[in-house]
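I have placed the structure first, in the form of structure tokens, so that the comments after it can refer back to it.
Because the structure is predicted, anything quoted here is derived from the model rather than measured. Below, chain A is the first sequence line, B the second, and so on; all start at residue 1.
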Amino acid sequence: MSDLITLTLPDGSSREVARGTTPAEVAASIGPGLAKAALAARVDGELRDLSRPILGDASLALVTVKDEAVALELARHDYAHVLAEAVQKLHPGTQITFGPSTDDGFYYDFAPVRPFTEDDLPAIEAEMRAVIARDQRLVREEWPRDRLIAHFKAHGEAFKAEWAAEMPDDEVLTIYRAGDQEDSWLDMCRGPHLPSTGKLDPNAFKLTRVSGAYWRGDQANAMLSRIYGTGWLNKKQLDAHLVQLEEAAKRDHRRIGQDMDLFHLQSEAQGSVFWHPKGYVLWRALEAYMRRRLDAGGYREVKTPQLMAARQWEQSGHWGKYRENMFVVPDEIPNTDDAAAIFSGTADLLALKPMNCPAHVLIFRQGIKSYRDLPIRMAEFGCCHRNEPHGALHGIMRVRQFTQDDAHIFCTAEQLIEEVRIFCDLLDAVYKDLGFDGYAIKLALRPDKRFGSEEMWDWSEQSLRDAVRATGRDTPEFGWEELPGEGAFYAPKLEFHLTDAIGRTWQVGTIQTDTVLPERLDASYVGEDGERHRPIMLHRAILGSFERFIGILIEHHAGKFPLWLAPVQAVVATIVSDADAYAGDVAAALTKAGLRVETDLRNEKINYKVREHSLAKVPYLIVVGRREAEEGTVALRPLGGGEQVVLPLAEAIARLAGEAVPPDLR
RNA sequence: GCCGGCUUAGCUCAGAUGGUAGAGCACCUGAUUUGUAAUCAGGGGGUCGCGGGUUCGAUUCCUGCAGCCGGCACCA
């Protein structure tokens, strides 16, 4: 075997080097600038440490900060290691477990002597800077499993020892040592890493929060203490990210919901929303819009019971799989004797509906359905209750009572692809109308706990796959991917993830192919052949729930809603009290034209009124003073102070009324 | 449900080694009639989340509970 190997560089050139040469050495031979800038290497496409010898002919590309995504990933992973080293120094006895990079930084899970609090973070950050300042080399070593386990056991690292013991046999186990000393801090890690901690910018990270996290993500395991950080390549990036976080915080729907008087929550109705007049106006505009869209799309709207007997939920399968998340009440009159138990404990049980689908099947089952009736698109703004765990509740985004824009399409197997296509077009139009630019599509495949045969799942998954292909949306532009194990217990589902104004994604829409429920609830239609057949049932929603979707709308628009959705569309503000009567006339005329208008006749300066209504995010301020009153005009001031115009009242009304028309009616 | 934190006026927040609380905005009253992001003056407003304990005395310390916040788990 020759002692020389051939490396092919990205520019197509090749060079012969000694077998075992490291990428770092190659970089140095090319030039000192590259040697300094190199962070890692791609050897035959595989990302590796700079110090890892190359053992055979290969293509070699050196990774620098110009390869930002990779550099960030490496840096974040290193930050996690630095965090772990710092924590173990400051908090002896803390065990290390696991610490990956994330979308904006990193975290590390520890088994601590006592759980960390945010007060611990500043000292840990300082220690991390010390680790970075020491510029410790990160040295990769391959260790046999026994040595790893022995090492971790000897150091009281039970979690790491467990992890090492369970690594697959064919995996080469490696440790990274932070420094050259025999007793330098080390962690078991697959790597790769930057050449040394000094490559990290000590001012480009920040520890952000602490939380609990289960070992290996399993509720049955120990609760660990997780420290999160955000990490970047330089301070500028970090600062930009921190500004982003502030921006997101300003958009928080809970903050805006309170400021704009849209809704409130209180402990007596935990997880249920009190919609105030201004919030409910928005709800009604959205609901009316959706109703028109569904009517036009061939849906028929229904309304079904809130409470149904437990035996109905047993039959649908919800009772068995989902009971712990249902609100259940006994079917009896509560005992009015305070000394006795309120319920006998022997009555039949009723449950608040957590979903609308069984009731829709029950409507379908009334009378005989023919293949000529299909597809049947049955819609309901269905109010559902789900007994969510306390820790899951979040503002109006995750609640216990919510209303879905739900519908079920009963169709034949042959109609399925066309129905999915029609649905995608409808969803597309709705998201555009509501001001969103893009969305991604994912296919969630069969979960571990599920109903139905393997054949059924094979067929259902493939149908959805085919249907998306038929719409041409199975492309990277739509973020198309498949998610194993993420499906519902009765069906695989297509998920639609909206992208909002600041780049966050929200799973909202869904369509699911269900053959289980029609079977369980014995839904059938008479086919061309005169025989009974099972319909396919497509569960679908575009907004998901009104509560959550309105929350998303609030954050997407930062409360500055398009005119047709704005709770208060215009405020008529006077400059002098002499214009009060005219302001009243203006408001009345606008109201008559269907606009939501308020007047501000207060004895305040116009500056004050402008400021106040601007902060209240009112789309238009209609300013009237003596001049306007005399001339029959208004000064139309858009939110933000853009081009202001003085118009005759009739023109202003026409303009606002035109702009306030919902997008589907334009 | 689990880990950590928080809970003081309508809102945002100060505060006291334990002696029953304060600001700004908002609200009310008065003056001012004002031209595009805060006019001035005065006034009212609190069971300091709820329960128990320690104490002469608790909003403050301890403890239980609830809600909320950040995550974890969950999200049919």
Closest of A37(B), C75(B), U39(B) to the Arg398(A) side chain is C75(B)
Using atom C1' of each nucleotide, how far apart are A23(B) and G5(B) to the nearest Å? 26 Å
How many whole angstroms separate atom NZ of Lys605(A) from atom P of U33(B)? 11 Å
Reckon Gly641(A) touches a base, only the sugar-phosphate, or nothing at all at heavy-atom distances under 4.0 Å? nothing
Glu612(A) CD - C11(B) C1' separation (whole Å): 13 Å
Looking at every strand, decide which applies to Lys321(A) at a 4.0 Å heavy-atom threshold: base, sugar-phosphate, or nothing. nothing
Given U36(B), A26(B), C27(B), identify the nucleotide with an atom nearest to the side chain of Arg602(A). C27(B)
Given Leu445(A) and Arg465(A), is the side-chain contact (heavy atoms from CB on, under 4.5 Å) satisfied, shown in steps? CA-CA 10 Å; Leu445(A) 304 170; Arg465(A) 215 173 266 131; 3.9 Å; yes
Could you tell me whether the phosphate oxygens of C68(B), OP1 or OP2, come under 4.0 Å of any side-chain nitrogen or oxygen in Gln270(A)? yes
When rounded to whole Å, the CZ to P distance for the pair Arg255(A) and C69(B) reads 12 Å
Return the value, rounded to whole Å, for the distance between atom CZ of Phe549(A) and atom P of C75(B). 23 Å
For atom P, what is the distance between U33(B) and U47(B), given to the nearest Å? 40 Å
Of all the nucleotides listed (G35(B), C72(B), C69(B)), which has the minimum atom distance to the side chain of Arg254(A)? C69(B)
Pick the C1' atom in G43(B) and in U17(B), then give their distance to the nearest Å. 36 Å
Could you tell me whether Arg311(A) sits above the aromatic face of Trp319(A), with NZ or CZ closer than 6.0 angstrom to the six-membered ring centre and within 45 degrees of the axis? no
Taking atom C1' in both C48(B) and C40(B), compute the distance separating them and give it to the nearest angstrom. 33 Å
With nearest nucleotide decided by heavy atoms, which residue, Gln266(A) or Phe116(A), maps closer to the 5′ end of RNA chain B? Phe116(A)
At less than 4.0 Å, is any side-chain N or O atom of Arg226(A) found next to OP1 or OP2 of G4(B)? Yes or no. no
By the 4.0 Å heavy-atom rule, please label Pro447(A) as base, sugar-phosphate, or nothing. nothing
Take atom CZ of Arg611(A) and atom C1' of A37(B), then tell me their distance rounded to the nearest Å. 6 Å
Check Arg504(A), Lys250(A), Arg251(A) against Glu555(A) for a side-chain hydrogen bond (donor to acceptor under 3.5 Å, both in side chains) and give me the one that passes. Arg504(A)
Out of G35(B), A73(B), C2(B), which nucleotide sits closest to the side chain of Arg627(A)? G35(B)
Does Arg209(A) make a cation-pi contact with Tyr228(A), if we ask for NZ or CZ under 6.0 Å from the ring centre and within 45° of the axis? yes
From C-beta outward on Arg626(A), which listed nucleotide comes closest to its side chain: U33(B), U36(B), C2(B)? U33(B)
Glu643(A), CD atom: more than 12 neighbouring heavy atoms under 6.0 Å: no
Would you mind telling me which residue lines up with the more 5' stretch of RNA chain B, Val610(A) or Met223(A), judged by nearest nucleotide? Met223(A)
When the P atoms of G18(B) and C75(B) are considered, how many whole Å apart are they? 47 Å
Once you apply a heavy-atom cut-off of 4.0 Å, does Pro115(A) come out as touching a base, just sugar-phosphate, or nothing? sugar-phosphate
Only one of Glu127(A), Glu157(A), Gln95(A) passes side-chain hydrogen bond (donor to acceptor under 3.5 Å, both in side chains) with Gln88(A), and that residue is Glu157(A)
Could you tell me whether the phosphate oxygens of G10(B), OP1 or OP2, come under 4.0 Å of any side-chain nitrogen or oxygen in Gln258(A)? no
Quantified in whole Å, what is the P atom distance between nucleotide U12(B) and nucleotide G57(B)? 35 Å
From the set U33(B), A37(B), U36(B), return the single nucleotide nearest to any side-chain atom of Ser577(A). U33(B)
Can you measure His253(A) atom NE2 to C68(B) atom P for me and round it to whole angstrom units? 12 Å
Phosphate OP1/OP2 of C72(B): any Tyr228(A) side-chain N/O under 4.0 Å: yes
About how many Å separate NE2 of His394(A) and CZ of Arg548(A), when rounded to the nearest 0.5 Å? 10.0 Å
Assess whether ring pair (Phe, Tyr, Trp, His ring centres under 6.0 Å) is satisfied between Phe546(A) and Phe381(A), documenting all intermediate values. CA-CA 9 Å; Phe546(A) 276 81; Phe381(A) 295 113; 5.6 Å; yes
Quantified in whole Å, what is the C1' atom distance between nucleotide U36(B) and nucleotide G70(B)? 41 Å
Indicate whether OP1 or OP2 belonging to A37(B) is found under 4.0 Å from a side-chain N or O atom of Asn607(A). yes
Integer-rounded Å distance: C68(B) C1' and Arg400(A) CZ: 14 Å
About how many Å separate CD1 of Ile536(A) and OG of Ser460(A), when rounded to the nearest 0.5 Å? 7.0 Å
Give one of base, sugar-phosphate or nothing for His394(A), where a contact means two heavy atoms less than 4.0 Å apart. sugar-phosphate
When we call it a touch if two heavy atoms are under 4.0 Å apart, what does Ala635(A) touch: a base, just sugar-phosphate, or nothing? base
Side-chain contact check for Ala392(A): nearest option of U39(B), A73(B), U33(B) is A73(B)
Pick base, sugar-phosphate or nothing for Ile575(A), based on heavy-atom distances below 4.0 Å to the nucleic acid. base
Check: Lys353(A) and Trp313(A) side chains under 4.5 Å, non-hydrogen atoms: yes
For Leu615(A), report the nucleic acid contact type (base, sugar-phosphate, nothing); a contact means any heavy atom under 4.0 Å. base
Looking only at N and O atoms, is any donor in the side chain of Glu628(A) or the base of G35(B) less than 3.5 Å from an acceptor on the other one? yes
Between Tyr608(A) and A26(B), is there a side-chain N or O to OP1/OP2 distance below 4.0 Å? yes
Mind pulling the stems RNA chain B is in, i.e. runs of at least three Watson-Crick or G-U pairs, everything under 3.5 Å? B:1-7 with B:66-72, B:10-13 with B:22-25, B:27-31 with B:39-43, B:49-53 with B:61-65
So, does the side chain of Arg209(A) form a donor-acceptor pair with the base of C69(B) at under 3.5 Å? no
Under 4.0 Å, counting only non-hydrogen atoms across every strand here, what does Gly395(A) touch: a base, just sugar-phosphate, or nothing? sugar-phosphate
Between A26(B), G71(B), A73(B), which nucleotide has the shortest distance from any of its atoms to the side chain of Ser211(A)? G71(B)
Which nucleotide in the list C2(B), C72(B), U36(B) gets nearest to the side chain of Ala213(A)? C72(B)
If I take atom CG in residue Asp252(A) and atom P in nucleotide C11(B), what distance separates them, rounded to the nearest angstrom? 16 Å
